[in-house]
Amino acid sequence: MIRKALIGFVAIVWFSAVQAQPAPQNSGADLIVFNAKIFTGNRAQPEATALAVKDGRIYSVGPDEAILALKNPSTKVIDAHSRRVVPGIVDAHIHVLNDLAFNYNVRWDGVPTLRQALTMLREQARRTPEGQWVKVIGGWSPYQFKENRFPTLDELHEAVPNHPAIVQYAYNQAFLNKQAMTALGVGTDRFPKLDGVEIEKDGRGNPTGVVHGYTWLFLALEAMVPQPSFDEQVSSLAYSVHGLNRFGVTSIIDNGGRWPYPEAQARVSVLARDNRLNVRMPFVDLQLGDGGPVNMVDLELEAITKTAPISPGQNLYPALAHGHEYRGAGEVLSGEVHDHENFDRPAVVIEPDTMRRFVEEDVKKLVERRIPFRMHISYNENISPFLDALEKVNETIPLGGLRWSLEHAETISPQNIARVKKLGGGIALDGKMALHADGFIKTYGREKALETPRLRMLVDSGIPLAMTTDAFRAATYNPWVGISWMVTGKSVSGSEALAKDNRLTRAEALRLFTIGGAWFMNAEAEIGAIAPGYLADFAVLDRDYFAVPEDQIKSVSSVLTVMNGKVVFGGQDYRNLSPELPAILPAWSPVKYFGSYYGEK
């Protein structure tokens, strides 16, 4: 009896204490967006008109009335004005950390005429200080111009008469004025001597200023021009991320470049420290070494086990989910078997035994240590021996859920698609054909182009699949250009580049840039959809992607981009919500005057 009374007394005291406690101050949503046309990417609830965010995650999705009931006095409420809302874009293969000189470059991305592009060079030449170059480094195509051609050397000399100037087209060729030819030593022993380099010459045997080559040539040339300071590199990173946010990009996977781990990460850490890392940025690492032949896999293992130990999935910025996670090795694992992607030239076919030996000796090391890897292979002729050897490795050291992928895989065959799927791999395609299909057609023919890549077959196969940009040099960083190509089948010139039965619906194309990319982050359970529990990454678009005429898809951009529940970009009537960027460095940066994409300024 006494025991029962004691229990009753304790219960009354506990209940009274609970009743006396004030209501939690953080109940309700942090952010609500309503009056929207939401494409959720969630098949269980495909559409909605409102969403609520709490602590960086989607809290609830539904009709306006139900979601608005979740607000409290401190909730930020945003009226979408019937605009289309989509999950944040995931670019699973991009090279942001390879472009730490971003602010030094004139961006021709999206510029509609060559005349206008040359005017940009002319204006930039007048403000560029002595000792610096005027540069255009990738992201454009001659086929985007109304004139449908490259600039001439006379036009380049006229536009930039008093500074060295380089105009680089993808990793295919570059146009140099006389000052640049002198500075780089074109025609002398100072100019890089690499396989595949071709220097155009006039009738007298003198270099004209047009050079052709592959990736390694253009990386070497970039190292021979004035380099940005550390602070300028951080500024370049901030402004390139801002450019991505403008198109609704909220997550990327950096795929390596000139600055390897852990050197490149020092720049990212500055943005993270200042709470200015406005994109989730997992990374894979490639180790080029200091020049000359190296074993890139061995260098990678040394970097992650000795130089700066890190494990797959480890987040260097844990305050942000998937903020800066190590996602393995790639995309280049060996210079010897790198097949490039210069569509102006025939395919680079690697000797099959060389490819098999590389996999059996070096990729095997990654599999043994459970290091995820991503392998650049463009052409089916090289994919076949790679898979031959990987299947052999799998017999003795099972891949067993290890995430690995082929990058690009433009000409992969139906048989090899099935083999990749059986081995549990993924394929990260890219939108280079949107920009360069016309060159591909000249080299391989239109019939081949229409099935490159096999989009419909790849989607229907159920293989883990993403579309990416491979920016900032091989192609533009605007994902909507690639989305337009997948849906319309047309390249930037307007020419037919995909067969009608090889195109995707608008929903399918968008999925490849959202939930498709999330697989490569090992985050498909929380990124790529607008659904309760998912990370609060989404974009309010400037036009309705699902309703506009097809020829407008490539012009889609974001007017409000939210990452982790916070606004990272605002335009038009949301401009006052956009975070303020620090002053750009250097002060003469072309990005300051032209923006990072046509139409931004």
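One is the number of the first residue; the rest follow in order along the sequence.
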Taking [X] for the side chain and [Y] for the main chain, is one N or O donor matched with an acceptor at less than 3.5 Å?
| X | Y | result |
| --- | --- | --- |
| Asp470 | Ile94 | no |
| Thr396 | Val393 | yes |
| Asn380 | Ser413 | yes |
| His436 | Ser491 | no |
| Thr561 | Asn245 | yes |
| Lys490 | Ala497 | no |
| Gln314 | Ser311 | yes |
| Thr215 | His340 | no |
| Gln144 | Trp108 | yes |

Should [X] and [Y] count as side-chain neighbours, where that means a heavy-atom distance under 4.5 Å?
| X | Y | answer |
| --- | --- | --- |
| Gln265 | Trp259 | no |
| Ser378 | His376 | yes |
| Ile310 | Thr305 | no |
| Leu455 | Leu429 | yes |
| Arg107 | Tyr597 | no |
| Ser405 | Glu407 | yes |

What I want to find out is whether [X] reaches [Y] closely enough, with some N-O distance under 4.0 Å, to be called a salt bridge.
| X | Y | value |
| --- | --- | --- |
| Asp285 | Arg327 | no |
| Arg374 | Glu331 | no |
| Asp99 | Arg473 | yes |
| Glu351 | Arg356 | no |
| Glu391 | Arg419 | yes |
| Arg456 | Asp501 | no |
| Arg454 | Asp460 | no |

Evaluate the side-chain hydrogen bond (donor to acceptor under 3.5 Å, both in side chains) criterion for residues Asn478 and Thr469: first the C-alpha distance (whole Å), next the side-chain angles of each, then the deciding distance (0.1 Å), finally the verdict. CA-CA 7 Å; Asn478 180 355; Thr469 65; over 6 Å; no

When the aromatic ring centroids of His324 and Phe283 are compared, is their separation below 6.0 Å? yes

Report yes if the distance between the aromatic ring centroids of His95 and His93 is under 6.0 Å, otherwise no.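 Close enough - the centres of the two rings lie under 6.0 Å apart.
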
Check the pair Met521 / Ser251 against side-chain contact (heavy atoms from CB on, under 4.5 Å), numbers first and verdict last. CA-CA 9 Å; Met521 297 173 65; Ser251 294; 3.8 Å; yes

Ring-plane angle category for Tyr143 and Tyr169, please: parallel below 30°, perpendicular beyond 60°, tilted otherwise.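 Ring orientation, 0 to 90° scale: perpendicular.
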
Intermediate values then yes/no, side-chain contact (heavy atoms from CB on, under 4.5 Å), Tyr444 and Thr452: CA-CA 11 Å; Tyr444 300 99; Thr452 302; over 6 Å; no

Intermediate values then yes/no, ring pair (Phe, Tyr, Trp, His ring centres under 6.0 Å), Tyr239 and Phe102: CA-CA 8 Å; Tyr239 275 82; Phe102 182 85; 8.3 Å; no

Looking at residues at least two apart in the chain, or sitting in another chain, which of them share a side-chain hydrogen bond (donor to acceptor under 3.5 Å, both in side chains) with Asp195?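 Expected list: none.
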
Quick check: closest heavy atoms across Gly482 and Ala434, and the distance to 0.1 Å? CA-CB, 4.4 Å

Where do Trp480 and Phe247 land on the ring pair (Phe, Tyr, Trp, His ring centres under 6.0 Å) test, with the steps shown first? CA-CA 8 Å; Trp480 298 99; Phe247 290 113; 8.4 Å; no

Leu458 and Ile417: side-chain contact (heavy atoms from CB on, under 4.5 Å), yes or no, with the steps? CA-CA 7 Å; Leu458 283 160; Ile417 293 172; 3.6 Å; yes

Check Ile515, Ile89, Thr505 against Leu510 for a side chain to side chain contact (heavy atoms under 4.5 Å, CB included) and give me the one that passes.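 That would be Ile89.
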
May I have the step-by-step check of side-chain hydrogen bond (donor to acceptor under 3.5 Å, both in side chains) for Asp438 and Ser493, ending in yes or no? CA-CA 8 Å; Asp438 296 71; Ser493 72; 2.9 Å; yes

Evaluate side-chain contact (heavy atoms from CB on, under 4.5 Å) for Glu198 paired with Arg345, printing each intermediate quantity in order. CA-CA 12 Å; Glu198 177 188 344; Arg345 290 178 165 183; 3.7 Å; yes

Salt bridge (charged side-chain N to carboxylate O under 4.0 Å, His left out): which pairs involve residues 509-537, sequence neighbours left out? Arg57-Glu526, Arg280-Asp537, Arg403-Glu524

